[in-house]
Amino acid sequence: MPTLILLRHGQSQWNLEDRFTGWVDVDLTAEGEAQAKKGGELIKAAGLQIDRAYTSVLTRAIRTLWLALTAAGQVFVPETKDWRLNERHYGGLTGLNKTETATKHGEDQVKVWRRSYDVPPPPLAPGGEFDFSKDRRYAGAVLPDTESLKTTLDRVQPYWDAEIAPHLKAGETLLVAAHGNSLRAIVKLLFELSDEGIIAVEIPTGNPLLIELDANLKPTSARYLDEARATALPTIG
Ligand SMILES: O=C(O)[C@@H](CO)OP(=O)(O)O
């Protein structure tokens with residue numbers, strides 16, 4: 001049976017500091033490391049045997065994957081890293097404090113930037129501290145200067161279709177360790193949520209979301225392995 005485990009990275013330093021993070025390569029806090037380890041322990045306790053794992057090119061997701069696989073006793077599984085699983089690029093908001101930005105621009109505007117489906121934040125100006133174009137992990141890629149959830153899905157979906165979906169269709173169990181918004185893009189795709197329906201979906205850090213799928217990759221069940229830290233999930237069927 002195709003089985004998918006979505007794992008948002010554990011708490012990062014900028015989650016803690018309430019800063020717009022996007023593509024900045026911020027590491028996990030000690031709390032984030034503990035969340036990732038616990039996620040792996042829950043995967044092990046659920047008896048899940050992972051065939052293959054996927055992550056982004058950002059340290060917080062990669063280390064979450066490693067910590068979880070270690071705790072699950074499955075560090076041997078093949079893993080693939082790709083920038084198309086990165087967090088949504090936060091454009092010109094990158095690095096700013098979320099509360100200060102809400103004070104300056106208003107809560108409603110910040111909510112639009114954070115959770116509207118297709119309104120991107122202002123673009124990131126080239127050449128500044130957060131210009132990723134010279135970073136060799138993105139060599140050869142055409143990089144965005146900002147992304148909405150829609151344009152995030154536009155670059156996640158081709159990767160999903162080409163690299164992930166075929167392994168699910170073969171009946172494998174896959175772990176995807178990624179980010180709040182790249183995972184929300186996958187949830188929107190799988191659960192066929194409307195542009196409004198995805199707004200309310202908030203994926204907790206370090207809490208594995210176990211999704212069982214039918215042969216057409218339609219979800220048949222979905223639950224967080226840490227029930228105490230679960231958030232609302234879309235209804236199925
Ligand atoms: O800052 C970010 O990159 C994301 C994820 O932490 O934040 P938001 O909740 O605004 O999507």
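Read the numbers this way: they start at 1 and go in the same order the structure lists the ligands and their atoms. All values below come from the heavy atoms of this structure, side chains included, with hydrogens, waters and symmetry mates left out.
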Novice: Using heavy atoms and a threshold below 4.0 Å, how should the contact between R115 and ligand 1 be classified: side chain, backbone, both, or neither?
Specialist: side chain

Novice: Check for a donor-acceptor pair, side chain of E147 on one end and backbone N or O of R155 on the other, with a separation under 3.5 Å.
Specialist: no

Novice: State whether the side chain of R19 and the backbone N or O of N97 hold a donor-acceptor pair below 3.5 Å, judged by distance alone.
Specialist: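 No, the answer is negative, given that no donor and acceptor are paired below the 3.5 Å cut-off.
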
Novice: For E202, state whether at least one heavy atom is located under 4.0 Å from any atom of ligand 1.
Specialist: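 Judged by the 4.0 Å heavy-atom criterion, E202 does not count as contacting ligand 1.
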
Novice: What protein heavy atom sits nearest atom 9 (O) of ligand 1, and how far away is it?
Specialist: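 Of every protein heavy atom, R114 NH2, 2.7 Å lies nearest to atom 9 (O) of ligand 1.
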
Novice: Is there a polar contact between ligand 1 and K98, counting only N or O atoms under 3.5 Å apart?
Specialist: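 Yes, K98 has an N/O under 3.5 Å of an N/O on ligand 1.
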
Novice: On the 0 to 90° scale, with breaks at 30° and 60°, tag the W14-F130 ring pair as parallel, tilted or perpendicular.
Specialist: perpendicular

Novice: For atom 3 (O) of ligand 1, what is the nearest protein heavy atom, given as residue, atom name and distance?
Specialist: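 For atom 3 (O) of ligand 1, the nearest protein heavy atom comes out as G22 N, 2.8 Å.
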
Novice: Quick one: nearest non-hydrogen protein atom to atom 4 (C) of ligand 1, plus distance?
Specialist: E87 OE2, 3.6 Å

Novice: Say whether F20, considering both its backbone and side-chain N or O atoms, lies within less than 3.5 Å of an N or O atom on ligand 1.
Specialist: no

Novice: Run the side chain to side chain contact (heavy atoms under 4.5 Å, CB included) test on T103 and T101 for me, step by step, so that the C-alpha distance in whole Å, both residues' side-chain angles and the decisive distance to 0.1 Å come before the verdict.
Specialist: CA-CA 5 Å; T103 305; T101 305; over 6 Å; no

Novice: Please write down residue, atom name and distance for the protein heavy atom closest to atom 10 (O) of ligand 1.
Specialist: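 For this ligand atom, the closest protein heavy atom is Y90 OH, 2.5 Å.
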
Novice: Does R184 have a heavy atom less than 4.0 Å from any atom of ligand 1?
Specialist: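 R184 does not count as a contact of ligand 1 under the 4.0 Å cut-off.
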
Novice: Whether the side chain of T146 engages the backbone of P121 through a donor-acceptor N/O pair (distance < 3.5 Å, no angle test) should be reported.
Specialist: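 Yes; at least one donor-acceptor contact below 3.5 Å.
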
Novice: Is there side-chain contact between L209 and R223, with at least one heavy-atom pair below 4.5 Å?
Specialist: no

Novice: Considering non-hydrogen atoms of the protein only, which is the closest contact for atom 1 (O) of ligand 1, and what is the distance?
Specialist: T21 N, 2.9 Å

